[in-house]
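Each remark here refers to the structure printed beneath this line.
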Amino acid sequence: MAEVNLAQALNGALDTALGADERVVLLGEDIGRTGGVFRITDGLRDRHGPERVFDTPVAESGIVGAALGMAIAGMRPVAELQFLGFSYPAYDQVISHVARIRNRSNHRFTAPLVIRIPYGGGIGAAEHHSESTEAIYAHIPGLKVVVPSTPRDARGLLLAAIEDPDPVVFLEPIRLYRAVKEDIPDIYYKVEIGPVRIERSGDDVTLISWGAMMRETRAAAGALGDEGVSVEVIDVCTLAPLDREGIVASVERTGRAVVVHEAPITGGFGGEIAASIQERSLYSLQAPVQRVTGWDTVFPLKRSEGHYLPTVDRIVAAARATLEV
Amino acid sequence: MAEVNLAQALNGALDTALGADERVVLLGEDIGRTGGVFRITDGLRDRHGPERVFDTPVAESGIVGAALGMAIAGMRPVAELQFLGFSYPAYDQVISHVARIRNRSNHRFTAPLVIRIPYGGGIGAAEHHSESTEAIYAHIPGLKVVVPSTPRDARGLLLAAIEDPDPVVFLEPIRLYRAVKEDIPDIYYKVEIGPVRIERSGDDVTLISWGAMMRETRAAAGALGDEGVSVEVIDVCTLAPLDREGIVASVERTGRAVVVHEAPITGGFGGEIAASIQERSLYSLQAPVQRVTGWDTVFPLKRSEGHYLPTVDRIVAAARATLEV
Amino acid sequence: MENRVSSRKSGLGRGLDALIPTGAGPTSGAVARQTPGDDTATMFGLIDPDGAVRDRLPITVDEMKALYADMVEARAFDTKSMALQRQGRLATYAPFRGQEGAQIGAAAALHADDWVAATYRDAALNWRAGYPWELLILGRTGDERGGEVPEGVNILPPSITVGGHMIHAVGLAWAEMLAGTDRIAFTSFGDGATSEGDFHEAMNFAAVYNTPTVFFCQNNGYAISYPTSEQTRSESIAIKAEAYGMPGIRVDGNDVVAVLVAVREAASLARSGAGPSLIEAVTYRIGPHTTADDPSRYRPADEGDQWEDKDPLERVRRLLESQGAWTEEWQSELETEATQTIERAVDWAESIPEPTFEEMLSRMYAQPTAPLREQLDREGGRPPSDPPPGQGGGKHAGSTHEAVDG
Amino acid sequence: MENRVSSRKSGLGRGLDALIPTGAGPTSGAVARQTPGDDTATMFGLIDPDGAVRDRLPITVDEMKALYADMVEARAFDTKSMALQRQGRLATYAPFRGQEGAQIGAAAALHADDWVAATYRDAALNWRAGYPWELLILGRTGDERGGEVPEGVNILPPSITVGGHMIHAVGLAWAEMLAGTDRIAFTSFGDGATSEGDFHEAMNFAAVYNTPTVFFCQNNGYAISYPTSEQTRSESIAIKAEAYGMPGIRVDGNDVVAVLVAVREAASLARSGAGPSLIEAVTYRIGPHTTADDPSRYRPADEGDQWEDKDPLERVRRLLESQGAWTEEWQSELETEATQTIERAVDWAESIPEPTFEEMLSRMYAQPTAPLREQLDREGGRPPSDPPPGQGGGKHAGSTHEAVDG
Ligand SMILES: Cc1ncc(C[n+]2csc(CCOP(=O)(O)OP(=O)(O)O)c2C)c(N)n1
Ligand SMILES: Cc1ncc(C[n+]2csc(CCOP(=O)(O)OP(=O)(O)O)c2C)c(N)n1
Ligand SMILES: [Mg+2]
Ligand SMILES: [Mg+2]
């Protein structure tokens, strides 16, 4: 056991994977010498050699396309894209090729690769550095999309992603990289990709979120709990494949749900979750499923971040709204 | 008035726009000499000159990025991307630049451009030629996303899109290009971007769709009507900005809704619509909002198209399911 | 599968520059502009259109006969496919007529287990490299199972997107290099593909990591309707290699032996650790872009005539004839055999049972995910009036026009 | 805004090749490899690091003094910005120290109404081209209003994405060409950006349509931590122009006059209808990539020393001094003025009222759409305990690390 933050847990998982499986290689911009702009790959080039950890040109399509070629040839590449806002030049490779080579070849060729991408706002960064466009990935058949929010999950999900026979987009909440520490096992363990994690049990309302917004969601649950509301909190963890059963089982019990995400509301993944809930449990619903999300704007620059980011208060208010009816 | 199909209506609208506004230029792969693979720009290069209608290299990011530069400089470019499945190399330009130059410059620079893209399956085409990934565009703040399903709307919406001060992704349902003819005015007229169009009025259930799937939706409405069900049909026409009020007003009356689209269900735009309906009208809902959609797969090749495409029967069955409860 | 790849060693290895007859390096400005037809002097070639040999050929008459037989078989496939498409038995088809020399020559230079990432137009190339006709036809009927090549054949399903597959060949080669095998990756693409950003990133990655990748561009004069001469202002496609510090060479793409020699040289450079190179094979697409295309809209009907004169089969036939190695009987034997082979392949493909709904949903992941399992179950309740599998989408289309592929 | 752009005509127009002292064309193999430091012989330059003049300078002493004053002012901005960022008054800042010669020289070559599309590192360039310091600072405090340049100034907001903005300069130039103006578009980018596919597509479009675009690459040795020498195997960045049939030239980027001359030449070529060109300005980033970067992780601390010796300001100072045109008093005058100017600009930017929620939602479209109107209304009911505008996200972050920009 070691007490680590989320960034350290990811670094440890990559270290473990490089040590455990020689097919694993890392590639990405600035991940070698500097260990990445967030230092997630810190020390790995020195430890595992420049033949395992590659700095690449600034060319996201090239990074993902090359990783796909490596994966088809039997390796287990883990690519890093520097920020979610810089993943779009690679979007064509992801949707047209990474997610489809298995289908296109009827299982003959596969893409066991991981694309790690830091995402989310709240650190006052420049434009494009604060995106939460998980919805455009979760809509792609053939991909898995994973978002850890705790050090323990981060390590276990990343090791599972690297072992997964299918491609995984692995989104890392920048805001949580160094936010909390947790004791996690040093051993090789996996957290299953797929199931949601019930993080807190309760009977009155279900709060549903993932990644960076789990922090505000937890705080809101705490605040509501202090008021005597019995709150269930779900960390979705895996957006695709979505564990609708896990979500629905909770909401059928509580009858109320609030989905929280940082992306703009329109077309955000919260819509999928709310739609799925009403499809399966309309008659259990005591109130509409609420969404607490970003607005339909570009993620703003530093001075306006406070206007954009969903707050604990907004989540609490939405939960209250479901309880008041 | 002239009786034209949807393809001809689009050709006529482009012709009209080129004639009416010298800032309008067209650019895209094979749109000049051949008039585009679907002949939507047929004859326009001859009529308006090679300085208005440009064939381009096979480089989608270049096409959209160059069009953006032209638009910033005061022109009204209409770019064609050959198929929605080939729009992804331009996704970065669309999301990072086209949709944001106004925000980034606080209105100082703007992007009055149109990106026309044929989309949808059903013609037995090769891979990538049958995509319906409208959801990944409708989620982008700063864009408008328009999908006509009739010749009359096609002309009016395209002229409105070209005049719009903001960027419009204009999706053209391949399957409907030559499916129906309609008498439409020859004059310069616009159809407002934004409002849904109530295409058929009824009291029992609301069928909601757009683009290519309107055909099956209309047929389903007809079949249900024959059984004595009073069906309301909404052609959404504009996915972004979404006219939630228009949709909700209908569903509050009927109490039942079925959303139909061709894209895979998970993360498809139907989720947004269903979520919005339950948010606003949960207590009017007599039954869960149903989604009749494609499956969570890649759009298949010719021999499996029948397995994938939503059918009239599936829509009818979903509507009946809402009525049976 | 029969191993169609020759294991002869070329004994070459002097580098691509040595192939240029004028002595001008392929990466120098001496490489000619890509006006089709007038650049034989600065282009690497061995056999002239009239069958005359410019240089001593590095292959035997028997090997030449084998190349010729392959080209005849490929042409039979192309002709048959066009006919099948017109009968509605194939989806859109992209003919390679006129490009057989480039495709057969290139594939013949590879090892049986080399990686190949080629395009929708490269059926001849893929076949010669080991992709069974049967599966190529099955794919073109609109069936994903056509992409499932046999174990041991390392050929990716033909790329439909323009440009995206070249970088895969870089990753494939990189993996082989890291694993220390002597396998290389070969990628074929068109002139049009060189305009895509992905071409640039692929070429640059290959050069930067020194991957054993052979970039093979069939410059057939057009990207659909857009002529090569308008796609770029560079002197040639080959010269673009210089921007990546990579060797590049222009080859007469209708000269099967010249292509074989150039690709074999590039492959042996790659195998020996000398890294990637770019070969531009100058050729011409005699037919339409695809069966949905009408070339008369963008090029004069007689433009192809000069290229008919440069036919890749005819020049070899003449050469063989001049050596007493070609007879009319042999020709008709070849044609009969080829036609029979193709027809057997068609019969096989058409005998394959229709793909099922379950297969469609089970192909996305190693195991169907929870949402897909749910969709599979729900399907149990699919109303029987749904269209039977395999009827395609035509009945949904309501569209009067033919399928159109870009 | 004061019009900072000189309207002097250069009287040049002989083409970029004529600038190369050795007579070797810039697009020939003679252009040196990009090892920093040893290529003055094959690179276009006019003033040596010690202030010696290699050739007759095509500008007057007064003009030279103005360039020097601009570089001093720019350096004051850079120094001040670094300090402000450390105090938390600016978001991440990307310093340009060492690149003042390239940036001031290039901007000085443009017309006041030319289009400029440059990067996060190009504050000096943008300022010299007409972008007020005030707005550059406002932008870097994290305020979208910093992108709203005054009417008549045709400079796009600094590009944060690497590579995506070059093609905008092609579209801008294309529009001006179609409109028949003599306006050109100038785009600045780094060595790293040349690896992006968008570089390729922009260069190719510019060449194909012959747009009046000047491509200006500041090769400062690194893309964050990745050295230029590893990013590509080509002999230089300039030589990549050849792949597009475009002229390219390598310039000493620390020689403000050489840069001015080269860019003016390229701009006049563009204005005269001769199309686009590529200029590689060889320079060095003395400081970190951004305030969040620690260069000691990837380069030796003394690597910058040789570049300090090549400082773009110092060589001009020496030259002016040798002509009796520089004095200590003038220097301190310049510095005092520069500091005051920058401080006034900072005061102005910090006096701007905090951006509001309404502004944020009203900036996406010409008019807020129905969903945004609804969101604006709902906001009326936003609980008062929400963070007051302008506190940024720090309080949400709970993260102990500093903002990091890639
Ligand atoms: C990314 C992408 N954009 C556009 C298309 C549509 N398209 C199909 S083939 C083609 C032209 C390709 O020309 P070239 O590379 O020269 O190959 P050829 O067809 O001549 O063999 C185009 C534009 C596509 N398939 N993929
Ligand atoms: C598309 C994209 N990918 C990655 C990044 C992250 N990033 C910011 S600057 C940079 C390096 C750019 O290097 P260069 O072009 O040489 O410019 P310099 O910073 O040296 O001025 C990278 C990779 C980005 N901003 N945009
Ligand atoms: Mg071609
Ligand atoms: Mg740099």
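Note that this is a predicted model, so its numbers are computed, not measured.
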Notebook entry, point to check: Which answer fits Ser61(B), side chain, backbone, both or neither, if we ask what part of it has an atom under 4.5 Å from a heavy atom of chain C?
Noted result: neither

Check: So does Glu3(B) have more than 12 non-hydrogen atoms from other groups sitting under 6.0 Å from CD?
Finding: yes

Next item on the list: List the atom of Leu301(B), the atom of Gly139(C), and the distance in Å for their closest heavy-atom pair.
Entry: CD1-O, 4.3 Å

Note to self: Are the side chains of Pro227(C) and Arg33(B) in contact, using a 4.5 Å heavy-atom criterion?
What the structure shows: yes

Check: Thr56(B), Asn5(B), Thr266(B), Val312(B): which one forms the most heavy-atom pairs within less than 4.5 Å of chain C?
Finding: Thr56(B)

Notebook entry, point to check: Is there a donor-acceptor contact under 3.5 Å from the side chain of Asp296(B) to the main chain of Leu372(C)?
Noted result: no

Check: Out of curiosity, Phe86(B) CZ to Glu196(C) CD, how far, rounded to the nearest 0.5 Å?
Finding: 9.5 Å

Item checked: Heavy-atom pairs under 4.5 Å with chain B, option from Leu361(C), Asp198(C), Asp293(C), Asp294(C) with the top count -> Leu361(C)

Next item on the list: Work out which heavy atom in Lys302(B) is nearest to a heavy atom in Ala91(C); give both atom names and the distance.
Entry: CD-CB, 4.0 Å

Margin query: For Gln231(C), which atoms come within 4.5 Å of any heavy atom of chain B: side chain, backbone, both, or neither?
Written below: backbone

Notebook entry, point to check: Taking the side chain from His307(B) and the backbone from Pro355(C), do they hold a donor-acceptor pair closer than 3.5 Å?
Noted result: yes

Next item on the list: State, with a plain yes or no, whether a side-chain heavy atom of His289(C) is found less than 4.5 Å away from one of Asp30(B).
Entry: no

Notebook entry, point to check: Quick one: are Arg303(B) and Leu138(C) in side-chain contact, heavy atoms under 4.5 Å?
Noted result: yes

Next item on the list: Select one option (side chain, backbone, both, neither) describing which atoms of Arg45(B) are under 4.5 Å from chain C's heavy atoms.
Entry: neither

Item checked: Closest contact, heavy atoms only, His129(B) versus Ile160(C) -> CE1-CG2, 3.4 Å

Note to self: Could you check whether any side-chain heavy atom of Met364(C) comes within less than 4.5 Å of a side-chain heavy atom of Val298(B), counting everything from C-beta outward?
What the structure shows: yes

Note to self: Can you tell me which of Ser195(C), Pro157(C), Gly146(C) forms the most heavy-atom pairs within a distance under 4.5 Å of chain B?
What the structure shows: Ser195(C)

Checklist line | Atom pair CD1/OG1 of Ile123(B) and Thr92(C) - distance to nearest 0.5 Å | finding: 7.5 Å

Next item on the list: Locate the shortest heavy-atom distance separating Glu144(C) from Ser304(B); write the atom from each residue and the value.
Entry: OE1-OG, 4.3 Å

Checklist line | For chain B, the option from Arg297(C), Arg299(C), Arg363(C) that forms the most heavy-atom pairs under 4.5 Å | finding: Arg297(C)

